[in-house]
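Keep in mind that this is a model prediction, so the values were computed, not measured.
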Amino acid sequence: MQSAAFSLPSPSSHPYLKPRNFASNPTFYPIRGVSKGRDFSDSTNAISIPSFPKRSWSLSSSSPLPLRAWTSAPSLSKPSPLHLRATAAENAGEAGKSGSLLKTLELGLLFGLWYIFNIYFNIYNKQVLKAFHYPITVTAIQFAVGTILVTIMWTFNLYKRPKINGTQLAAILPLAVVHTLGNLFTNMSLGKVAVSFTHTIKAMEPFFSVVLSAMFLGELPTLWVVASLVPIVGGVALASVTEASFNWAGFWTAMASNLTNQSRNVLSKKVMVNKEESMDNITLFSIITIMSLILLAPVAIFTEGVKFTPAYLQSAGLNVKEVVVRSLLAALCFHAYQQVSYMILQRVSPVTHSVGNCVKRVVVIVSSVLFFKTPVSPINSLGTGIALAGVFLYSRVKRIKPKTKAA
């Protein structure tokens, strides 16, 4: 490719490059962009150059482009729509991150409240049951306090009051019965053995869930689920053999609590099938609480009598104020942790909730051992740890769905 070298003539020899007299013409013409296809010398607003030294350029002789001046003037055009969209997307992303952070903090706060309420419920409840040996009355008091709280929420519209018909009440009644028995058996066990041992036995809930689901719902477990039950059963057995506070009454009532609580879950799947008449978990729990009080209060009066009175507590040599305050605190914590549990369940998947429940059981066992200074042997700790590890494994493998055979 050939190239042509040329020299730009001096300013004085070219009429368009003559220097202007700024003194006689003080007007200044700024640099303006040259339209496409026009030579710079044809522009009426061309830049004035007072002195232009002689220079030379080397250009391709085949280049059809004319020589133009290069300017670096700032662009005064409006932002492009693409730029605006990118800015809006960036702002939306930042807002989404802040919203996600708030949701994460809210969920973490709910989990923390769930664990704290559960810890204090078990501590206060155990203290009351050690001094006041009437578990049916204690359980009825807990349902009574919960009923008062539900009534307050509905009265002041803190939570929407549901409209219940007879068909729904008939469907909820079996759930209320097993819910009542589950909490009653738990309190019976807590009154007989250590808190840590009761919750170790209650770690066998997945075993009862699998058995009852297979019997009444036809849900056959996967091989992974069955395998996860082995360390649960083995760990509970090992912990039971080495438990210092072991007695058969506490053991069997904890087992009965597992059976009734998991029966409630199976019944909720089998009975509450009408989607049009379904209700949220918090409303369902509130109605069950009221029905449980109606069911249990007559039983408590008939079997244990009216024992929760200042006169009887004083005659039994108990501190009336301590028993009453701790009973009320235990009841408040009981209702609070149940409500928070359902609030969490509305925000996360059942598998995540199950994992959180497993961690909660570990926290409750450790905190009760530290608070009550429960003697725990190394083998007992090993059995408890194996059982809880099995529960965690069960909660993870539950998400593995069995493969359906193609027709």
What distance do T200 atom OG1 and I232 atom CD1 have between them, rounded to the nearest 0.5 Å?
12.5 Å

Could you go through the side-chain contact (heavy atoms from CB on, under 4.5 Å) check for K126 and F121 one step at a time?
CA-CA 8 Å; K126 179 63 177 178; F121 163 71; over 6 Å; no

If you count every heavy atom of other residues, nucleotides or ligands that lies below 6.0 Å from I379 atom CD1, does the total exceed 12?
no

Over all heavy atoms of both residues, which pair between T155 and R161 is shortest? Give the atoms and the distance, please.
CA-NH2, 4.1 Å

Would F197 and S189 satisfy side-chain contact (heavy atoms from CB on, under 4.5 Å), going step by step from the backbone distance to the final call?
CA-CA 9 Å; F197 184 55; S189 178; over 6 Å; no

Looking only at non-hydrogen atoms, find the nearest pair between Q168 and K163 and report the distance.
OE1-O, 3.5 Å

Measure across A140 and L296 and return the closest heavy-atom pair with its distance rounded to 0.1 Å.
N-CD2, 3.7 Å

Is the closest side-chain heavy-atom distance between E243 and V193 below 4.5 Å?
no

Do other residues, nucleotides or ligands put more than 12 heavy atoms under 6.0 Å from F207 CZ?
no

Which heavy atom of S257 sits nearest a heavy atom of T186, and at what distance?
OG-OG1, 2.7 Å

Could you tell me whether the side chains of Q142 and N125 share a donor-acceptor contact shorter than 3.5 Å?
yes

K398 and S354: side-chain donor and acceptor closer than 3.5 Å?
no

Assess, by modelled atom type and distance only, whether the side chains of N122 and H199 contain a donor and an acceptor separated by less than 3.5 Å.
yes

Indicate whether any N or O donor in one side chain lies under 3.5 Å from an N or O acceptor in the other, for S368 and S196.
no

Is the number of heavy atoms from other residues, nucleotides or ligands under 6.0 Å of Y120 OH greater than 12?
no

Quick check, are the ring centers of F117 and H335 under 6.0 angstrom apart?
no

Scanning both residues in full, the closest heavy-atom pair of I141 with A331 reads O-CB, 4.3 Å

Answer with yes or no after comparing the ring centroid distance for Y342 and H353 against a 6.0 Å cut-off, counting only values under it.
no

When rounded to the nearest 0.5 angstrom, what is the spacing between SG in C333 and CD1 in I123?
9.5 Å

For W252, I'd like to know if atom CH2 has over 12 heavy atoms of other residues, nucleotides or ligands within 6.0 Å.
no

Between N247 (side chain only) and K192 (backbone N and O only), is there a donor and an acceptor less than 3.5 Å apart?
yes

Nearest 0.5 Å, please: how far is NZ in K360 from CD1 in I344?
10.0 Å

Has the side chain of S367 got a donor or acceptor atom that lies under 3.5 Å from a matching backbone atom of V363?
yes

Closest heavy-atom pair, Y312 versus K307, reported as atoms and distance to 0.1 Å, is CD2-O, 3.1 Å

State the CG-CG distance between N380 and L238, to the nearest 0.5 angstrom.
7.5 Å

Residues I290, S286; criterion side-chain contact (heavy atoms from CB on, under 4.5 Å); working and verdict
CA-CA 7 Å; I290 298 173; S286 301; 5.7 Å; no

So, for W248 and F246, is the gap between ring centers shorter than 6.0 Å?
yes

I need the T283 OG1 to K160 NZ distance, nearest 0.5 Å.
9.0 Å

Check: T137 main-chain N/O paired with E304 side-chain donor or acceptor under 3.5 Å:
yes

